[in-house]
Amino acid sequence: MNKELKSRIEKLSVRLFNIKTRAEVFRSDEQFGDFSTNVGLKLAREIGRDPREIAQAIAEELNKSSEFREVTVAGPGFVNITLKDPVLFDSSMSAHKLEKTYLGQEIVTEYSDPNPFKVLHAGHFYTSVVGDSISNLLEAAGANVHRVNYGGDVGLHAAKTMWAMLQDLGGENPESLETIDNDKRADWLADCYVKGTAAYGDDEKAKSEINELNKKIYTLVNNKDKDSPLAKIYWTARGWSYDYFDAFYERAGIKFEKYYPESEVARLGLNTVKQNTPKIYSDSDGAIVYEGEKEGLHTRVFITREGLPTYEAKEVGLILTKNQDYKFDRSVVITANEISQYMQVVLNSIAKFAPDLVDKTTHLTHGMVKLPGARKMSSRKGNILKAVDILDLAEASSKKINPSTTPDVVLGAIKYSFLKSGLGGDIVFDANESVSIEGNSGPYLQYALVRARSILQKAGYSKTPPDVGELNPAERSLARKITIYPEVFVTALEELSLHHICTYLYELAQTFNRFYESNRVIGDQRSALRISLVKSYANVLESGLNILGISAPEKM
RNA sequence: GCACCCGUAGUUCAGCUGGAUAGAACGUCGGCUUGCGGAGCCGGAGGUCACAGGUUCGAAUCCUGUCGGGUGUACCA
């Protein structure tokens, strides 16, 4: 609706003042009306006239329209527009039907990205929730979204873990793997990673053994060796890692279309970099690097002196592979902040031979998950907050409030607490606050929806539209708030940021609760109209929660 | 040193493509309760928007500098 208003005002500007300008139509405080525009102030500068005088002329024209109850000039030269109640009401009825602006587009989203042979930590949970919701958001806009997960099944970290595993197993004895209990496997791999990392740092002999092992692993993967004792250990443990990931994603309600193990993109990356050397990449001290410093970035190694691809070369292979598989119109990659400058170097280098792919790629980064008062954590040292810890903490807190809490509520609480702040800095996960029934939380919104559904179930709702004469203030506020949803959706989509939706849904629920406090729905003279409002409120709330990946239980 | 992110109420955060008295939540103080789900609602107190300049009719928002925190800075990811 504000899009139409905007173009109308821009046309008016041409007609009245013979000047083309970019009108801004925005939602200001409710006391000022439904929409406001500052064209008066904008035009005043351009044509050197009194802003209020210009605003007045525009207001007079708009006042001729039958949709507006009143159009007034206020403050330094704002034009405030108030819709007629039936117009506002009608618009609220269809607010949950979102415009499919991305219809037909193929979009690849990549997130979570845990490494086999390492632990799944809280950050993986965070990034997974963010990526899942962004995918939902794009889907809601009509895109065909492919959710993929990338992870390092080869590389130094795998060699470090494998090295420590071999110590525990007493050498290349795959049969010894059977001595490790089913439920201990993931923890064992995590421990081995910590041991291997420590040895790599402290012990020269271990370091060279790990480097040797790293090469052996690349070789066995490249040769598709599944039978040698080392290969058996590798593939078994790798399988355990993926089982562990899948079990977690299942519990967290997060899905992927495909895993891209690094081993499957490494060779393409390696070859591509080699093909573009020395044109784009160059030899330096035996390694292949990209001289990012010439572009104000960092110079990074793509292929080591040992001839192995680093993260950077694999990333090159990954982008090309994604494009081969999906011919994407857009690719969105979500990772932690620490990757941001590496990615810039990688993309900058790819732009030299495949600029279209880089143009279509968006890299979003986020901070770390911390507990209140916690200090820095590192998976290399093993003192880290695991993904399951977050689930366990939230579940325990939720049980304190309601002993029969459900996974829906626990997950809703966690997801909402991850999504309600914008991406950027670190976030603090406060388990008690997240599950709280009061305040800006997932459970508050779930409860709001459960309650609205309950009212509708009890009331029944007819298809015949109610007569709308005038709305009372609470009805009007609710209708007005509902109509804002499509605008919030567009903002979230443009910025790929979910927190706008969170903030909006919370405000919406508050507006509803205020309305509901003093307006009887069932059994009132105005019940037909109010039931329609509750219905469209519930539709919007449900639509928004779906985008956030939060589902409400039947009862709570 | 250089690059990127960040600095808004006691706390956790919105607001940042400049606009009308800086908003929530938690905590705190006080009110509403025979309710269509009160897991709710209403109100009070609490802010030199890190600091200093600049641009502008107008700056939390843009620019410059300073201070403080985080991350990265070639053969890990």
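The sequence lines fix the lettering, A, B, ..., with proteins before strands; numbering per chain opens at 1.
- The existence of a salt bridge linking Glu30(A) and Arg476(A) is excluded, since no basic side-chain nitrogen approaches an acidic carboxylate oxygen closer than 4.0 Å.
- Nucleotides G18(B) and G54(B) have their C1' atoms positioned 15 Å apart, rounded to a whole Å.
- Atom P of C6(B) sits at a distance of 13 Å from the matching atom of A50(B), rounded to the whole Å.
- When distances are taken from the side chain of Asn440(A) to each of A74(B), A25(B), C13(B), the shortest belongs to A25(B).
- In the set G19(B), U21(B), A24(B), G19(B) carries the atom at the smallest distance from any side-chain atom of Phe78(A).
- Among the heavy atoms of the strands lying under 4.0 Å from Gln31(A) is at least one base atom, whether or not backbone atoms are also near.
- Sequence order on RNA chain B of the closest nucleotides to His499(A) and Val450(A) puts His499(A) first from the 5' end.
- Between the C1' atoms of A20(B) and A25(B), the separation comes to 25 Å (whole Å).
- Rounding to the nearest 0.5 Å gives a distance of 7.5 Å between OG1 of Thr335(A) and CG of Asn337(A).
- Once the 5.5 Å centre distance and the 30° plane angle are applied, the aromatic ring of Tyr516(A) is found not to be stacked with the base of G40(B).
- Ser28(A) comes within 4.0 angstrom of a base, heavy atoms only.
- With a cut-off of 3.5 Å on both pairing distances, the Watson-Crick or G-U wobble partner of G23(B) is C13(B).
- Each of C36(B), A74(B), A20(B) was ranked by its minimum atom distance to the side chain of Ser36(A); first place goes to A20(B).
- In this structure, G53(B) and C63(B) make a Watson-Crick or G-U wobble pair, each of the two defining distances being under 3.5 angstrom.
- For the C1' atoms, the distance linking G27(B) with G69(B) amounts to 25 Å, nearest Å.
- For the C1' atoms, the distance linking G47(B) with C13(B) amounts to 14 Å, nearest Å.
- In this structure, the aromatic ring of Phe32(A) is positioned over the six-membered ring of the base of A20(B), centres within 5.5 Å and planes within 30°.
- Within the structure, a side-chain polar atom (N or O) of Tyr444(A) is placed less than 4.0 Å from OP1 or OP2 of C41(B).
- Only the C1' atoms considered, G44(B) is 30 Å distant from U61(B), to the nearest whole Å.
- The base-pairing partner of U73(B), taking Watson-Crick or G-U wobble contacts with both distances under 3.5 Å, is G1(B).
- Within the 4.0 Å cut-off from OP1 or OP2 of C4(B), not a single side-chain nitrogen or oxygen of His298(A) is found.
- When atom types are taken as modelled, the side chain of Ser282(A) and the backbone of Pro278(A) share no donor-acceptor pair closer than 3.5 angstrom.
- Under the 4.0 Å criterion applied to side-chain N and carboxylate O atoms, Arg300(A) and Glu315(A) are not assigned as salt-bridge partners.
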For His363(A) and Ser340(A), run side-chain hydrogen bond (donor to acceptor under 3.5 Å, both in side chains): C-alpha distance rounded to whole Å, both residues' side-chain angles, the deciding distance at 0.1 Å, then the answer.
CA-CA 8 Å; His363(A) 183 216; Ser340(A) 88; 6.0 Å; no
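- Regarding contacts with the backbone of A25(B), a side-chain N or O of Gln510(A) is found under 4.0 angstrom from either OP1 or OP2.
- When each of U12(B), G19(B), C41(B) is scored by its nearest atom to the side-chain atoms of Asn513(A), the top-ranked nucleotide is C41(B).
- The residue Thr365(A) sits apart from the nucleic acid: no heavy atom pair falls under 4.0 Å.
- The nucleotide whose nearest atom lies closest to any side-chain atom of Leu156(A) is, among C76(B), A39(B), G37(B), C76(B).
- The 12-atom threshold is not exceeded at CZ of Arg267(A), counting heavy atoms of other residues, nucleotides or ligands nearer than 6.0 Å.
- Looking at heavy-atom distances under 4.0 Å, Gln344(A) makes no contact with the nucleic acid at all.
- Asn115(A) and Tyr193(A) form no side-chain donor-acceptor contact under 3.5 Å, judged by distance and modelled atom types alone.
- Closest approach to the Ser421(A) side chain among A14(B), A24(B), C75(B) is made by A14(B) (side chain taken as heavy atoms from C-beta onward).
- Ile339(A) comes within contact range of at least one nucleobase, with a heavy-atom separation under 4.0 Å.
- At a threshold of 4.0 angstrom between heavy atoms, the contacts of Asn80(A) include nucleobase atoms, whether or not backbone atoms are also involved.
- Across all strands shown, G37(B) forms no Watson-Crick or G-U wobble pair with both distances under 3.5 Å.
- Taking the P atoms as reference points, G43(B) lies 41 Å from U56(B), given to the whole Å.
- OP1 or OP2 of G15(B) lies within a sub-4.0 Å distance of a side-chain N or O belonging to His500(A).
- Taking the C1' atoms as reference points, C57(B) lies 38 Å from U11(B), given to the whole Å.
- The nucleotide whose nearest atom lies closest to any side-chain atom of Tyr447(A) is, among C13(B), A39(B), A20(B), A39(B).
- Across all strands shown, G30(B) forms a Watson-Crick or G-U wobble pair, both distances under 3.5 Å, with C42(B).
- Nearer to the 5' terminus of RNA chain B, by closest-nucleotide assignment, is the contact made by Arg514(A) (compared with the other of Glu338(A) and Arg514(A)).
- Between the Asn276(A) side chain and the Thr272(A) main chain, a donor and an acceptor come within less than 3.5 Å of each other.
- Distance NZ (Lys370(A)) to P (C13(B)): 10 Å, rounded to an integer number of Å.
- Protein atom CD of Gln341(A) is 14 Å distant from nucleotide atom P of C2(B), rounded to whole Å.
- Here Asn519(A) lies in heavy-atom contact (under 4.0 Å) with a base.
- Comparing atom distances between the Val301(A) side chain and each of A14(B), G37(B), C75(B) picks out C75(B) as nearest.
- Gly296(A) comes within 4.0 angstrom of no nucleic acid atom, judged by non-hydrogen atoms across all strands.
- Among the atoms of the strands shown, base atoms are found under 4.0 Å from some heavy atom of Asp285(A).
- For the pair Lys458(A) and G37(B), the criterion of a side-chain N or O lying under 4.0 Å from OP1 or OP2 is met.
- Contacts of Ser518(A) with the nucleic acid, taken as non-hydrogen atoms under 4.0 Å apart, are absent.
- Nearest to the side-chain atoms of Asp426(A) among the listed nucleotides C76(B), A39(B), G70(B) stands G70(B).
- Between the OH atom of Tyr281(A) and the C1' atom of C75(B) there is a distance of 16 Å, given to the nearest Å.
- With hydrogens and angles ignored, the 3.5 Å screen pairs a side-chain donor or acceptor of Glu475(A) with a backbone N or O of Asn472(A).
- As rounded to whole Å, 12 Å separates atom P of A14(B) from atom OH of Tyr416(A).
- In this structure, Leu41(A) reaches the bases: a heavy-atom distance under 4.0 Å links it to at least one base atom across the strands shown.
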